Amino acid sequence: MVSFIAGLLDATVQAATVLLLAGMGELISERAGVLNLGVEGMMLVGALGGFITTVVTGSHWLGFGVGILLGMVLALVHAFLCITLKSNQVISGVMLTLLGTGLTTFFGSGWVEESISGFPQMTFPLVGQYLVGIPVIGEAFFRSTATDYLALGLLVVVWYFLYHSNLGLEMIAVGEDPEMADTMGVSVFRLRYLAVLIGGGFAGAAGAHLSLAFSQLWVPGMTAGRGWIAVALVIFAQWRPRRMLVGAYLFGLLDALRIRSQSISLTLGPDAPLAGVINPMVEFLMTPQIMGTYPYLATIIVLAYAVIRTKSDQLAVPSALLQSYSRETD
Amino acid sequence: MSEDTTLRMEGILKEFPGVVANDHVDLSVERGEIHGLLGENGAGKSTLMKILYGLYSQDDGDIYLDGERLDLGSPQDAIDAGIGMVHQHFMLIPRLTVAENVVLGEREPATAFRSDAADSWLPAAIRNNSLVQSLAGQFSLGLDVPEQRIQDLADQYGFDIDVSAKIWELDVGQQQRVEILKALYRDVDLLILDEPTAVLTPTEAERLFDSLERLTDEGLSIIFITHKLTEVDAIVDRVTVLREGQNVGTAEVSSVSRADLAEMMVGREVLFEIDREAVDLGEPVLRARGVEATDNRNIEALSGIDLTVRQGEIVGIAGVSGNGQKELAEVMAGIRDVTAGELVVNGEDITGAKPKTFVDSGVSFVPEDRLQYGCAEDLSVMHNATMKDFRDSRFGDRPFLDYGELREYAETLVEEFDVRGVSDVTETKAGDLSGGNLQKLILAREIYRDPDLLIANQPTRGVDVGAIEFIRETLLEQRKAGTGIILLSEDLDEIFDLSDRILVVYEGEFVYETTPAEADRERIGLEMTGGGDDEGQMETSPPPSGVTQGSES
């Protein structure tokens, strides 16, 4: 049982990192008012680009960097369409996800057989070697890949950036009321580009982490909907970095449970009362496909709760999300 | 041009597709004065000021500030030049604090990195390095010093503002003072205020005027955009009048009369006398008995209303805002359900029927909130003009619509009701029209279908002198044509000028009935506030006497 929980926690951390990285990117982009539904595509591009680079050069750090870069390239397309051309953010995002999926399926077909030596498991710098011995959680939290630690570090950076820097304040302003920001001399155009590019970089990093640290191989469509979960995670977190940490680990746990669901038996003994009713229900709820919907269900519940609890003008969603801006059209 | 001239705008031209918003406008402002910019809605005042603030770029013309030619590519350029603007719709982010709103864009670094910090642990050599300053300005944010400065400014001008409060916690008057603080924080020399009193109560407006006078005492120059003549009298030193994008003259306020200004604004003599002929009353078009209804929070708003309106009669309903007028209008228009009582329109009991039944029975409605309920902002003028009647057979056989007919109908309405700012009825969005013109469009839609009963809630609120006159005349014409009209207004003059009968509503009940001829204003005032018990303060807007003073003829 202990080893099962330890293994589960380990998988949770791994899965959470993917969501955390992609979610932070989405959060920054949305706080600036641009919805990015292309995360899934950007993750795939980052995953494949990072994988190929690592195969060719042997350096997983170089691969990680290329993954970030490719995510940003795709994000640049999104930024150009949505900010410069003011086209519909939803359409552009979905299109980019389809594009990323198509491109990586085509160009990645020859790389499925390849193997790499990706990010190794390592103890947390300095203190990790002592803490790793803690029962149950030690291995999970203090022996991980460098990217797992990096993601947590970046969360602090993102939080600080948004709430304690001028650029962050300006980015929030641009996402709340671009016209107001413009009248204060803030360049809406530049900040939104910056936010979308950062968002793409994070999505690319999430993809690269997936192929270089999480699974250490390339499979077409390997993101398996995690990009969409990242979008849901931002809503779940109500656009706040700190809540995103909780959400990422919760969703990560659900993901880890889903993969292991076949080996878990929560059914009652045949003699237990109501076993005939409860057991089929539990089995149904533990079906991997059904478990895959839990993050979305959780998001719906959080969203409904937030709407009911708060007045609409206090909702956490950036007021100018999905709105394009230009000066002389009002 | 005198030596004290601070701002000169020369030959400003700005064209939008199909409309010349500013047609070679000149404007000059003296140092330390409050300069009024007066004009009807859509006269080009806001456009001119947006050019001055760098939000729009002019197609032709030059701007000089203190003799220097300005090239304003963005608001940042205007801010750098010392120009600040308080917009008509507040430019504040509700979720952020006062201080965050004020310093936005100023790149205030963390206190330790400030070049003027007294006791920073960082050596001055590092702090003053331009790269360090730029990085600190982007990646850090220090609010302590700015908050102190904002507080000092607020104290200096007598603003009661908590700098760390969130904007949504403040009332409208406070929010406006934050807007002014935004400009003061940037050390502006010239402050533009775009219709600043539109959102304020009379008391708050008084406070604003006091503050503005203090600002000019400190040497600031102020441009005050308005379409209210009373405000020009109250606060402005010199006034420039715009009409249809052109400057029609600048004058010392002390040397012109209101009538002159009104004529300059509208381009013709404004009728101060309303011609209200006697009309024979016909059959009752509306008979309401014992009507009760609740408001949006489910609290009783109407408690037993009896009301009969006859053909050719205007029933004016006076009352302090929030005594059930909104619910009364909505119930009569069929868009709010009654909880008790009955409504009979043209002899037919349609209590509880759908809004469409009311429409089909000949009920027309001009709602209080033009943008939210009066129109579909993002749809074209044509769609809005035909919204109530598109089912009519003259617009084609269902399910198909004859767009040619719709278009023609909309164009007729625009023409006959003098709706300005429409370049193409199918292209121009209703939400892009100015307040007065949108109101004319709504009135056109409601009246052109020849209603038997018209409910007009605050039909002239927030519209300019020319449109007010037009709307009142239209209502009287409609009365002559035999329509029964319910007029709800907070403007007592309007009620007196137009009504055949006056009812005072207080806490959801009619408490007093009279006619303009025998009415006593003081009595009405008392009844409006609860029979002289003097519980609530009566909040009537200062009567625009002299401009809209009407009389019985």
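Source: prediction; values computed, not measured. So that the names make sense, note that chain A is the first sequence line, chain B the second, and so on, each numbered from 1.
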A.B. asks: Check whether the side chains of B/Gln148 and B/Asp144 place a donor and an acceptor atom closer than 3.5 Å, and report yes or no.
C.D. replies: no
A.B. asks: Going by heavy atoms in the side chains, are A/Leu162 and A/Trp239 under 4.5 Å from each other?
C.D. replies: no
A.B. asks: Any carboxylate oxygen within less than 4.0 angstrom of a Lys/Arg side-chain nitrogen, looking at A/Asp182 and B/Lys50?
C.D. replies: no
A.B. asks: Using heavy-atom distances under 4.5 Å, tell me whether B/Lys182 contacts chain A through its side chain, its backbone, both, or neither.
C.D. replies: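 For B/Lys182, side-chain heavy atoms alone lie under 4.5 Å from chain A.
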A.B. asks: Any chance you could measure A/Thr17, atom OG1, to A/Leu154, atom CG, to the nearest 0.5 Å?
C.D. replies: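 Output value for this atom pair is 11.0 Å.
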A.B. asks: Quick check on the structure: residues of residues 126-133 of chain B within a heavy-atom distance below 4.5 Å of chain A, by number.
C.D. replies: none
A.B. asks: Please tell me if the side chains of B/Leu52 and B/Ile223 come closer than 4.5 Å, counting only heavy atoms from C-beta onward.
C.D. replies: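 Yes; the side chains approach each other to less than 4.5 Å.
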A.B. asks: Less than 4.5 Å to any heavy atom of chain A: does that hold for the side chain of B/Leu92, its backbone, both, or neither?
C.D. replies: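 Only the backbone of B/Leu92 comes within 4.5 Å of chain A.
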A.B. asks: Check the orientation of A/His164 and A/Tyr160. Use parallel for under 30°, tilted for 30 to 60°, and perpendicular for over 60°.
C.D. replies: parallel
A.B. asks: Measure distances from B/Asp77 to the heavy atoms of chain A and classify the residue's part below 4.5 Å as side chain, backbone, both or neither.
C.D. replies: neither
A.B. asks: Shortest non-hydrogen contact from A/Ala248 to A/Leu19?
C.D. replies: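 Closest approach of A/Ala248 to A/Leu19, heavy atoms only: O-CD1, 4.1 Å.
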A.B. asks: Examine whether an atom of B/Phe139 lies under 4.5 Å from a heavy atom of chain A, and if so say whether it belongs to the side chain, the backbone or both; otherwise answer neither.
C.D. replies: both
A.B. asks: Which bit of B/Leu104 is near chain A, if near means a heavy-atom gap under 4.5 Å: side chain, backbone, both or neither?
C.D. replies: both
A.B. asks: Hey, are B/Ser164 and B/Thr97 close enough side-chain-wise for a donor-acceptor pair under 3.5 Å?
C.D. replies: no
A.B. asks: Which bit of B/His89 is near chain A, if near means a heavy-atom gap under 4.5 Å: side chain, backbone, both or neither?
C.D. replies: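 Contact with chain A involves no heavy atom of B/His89 at all.
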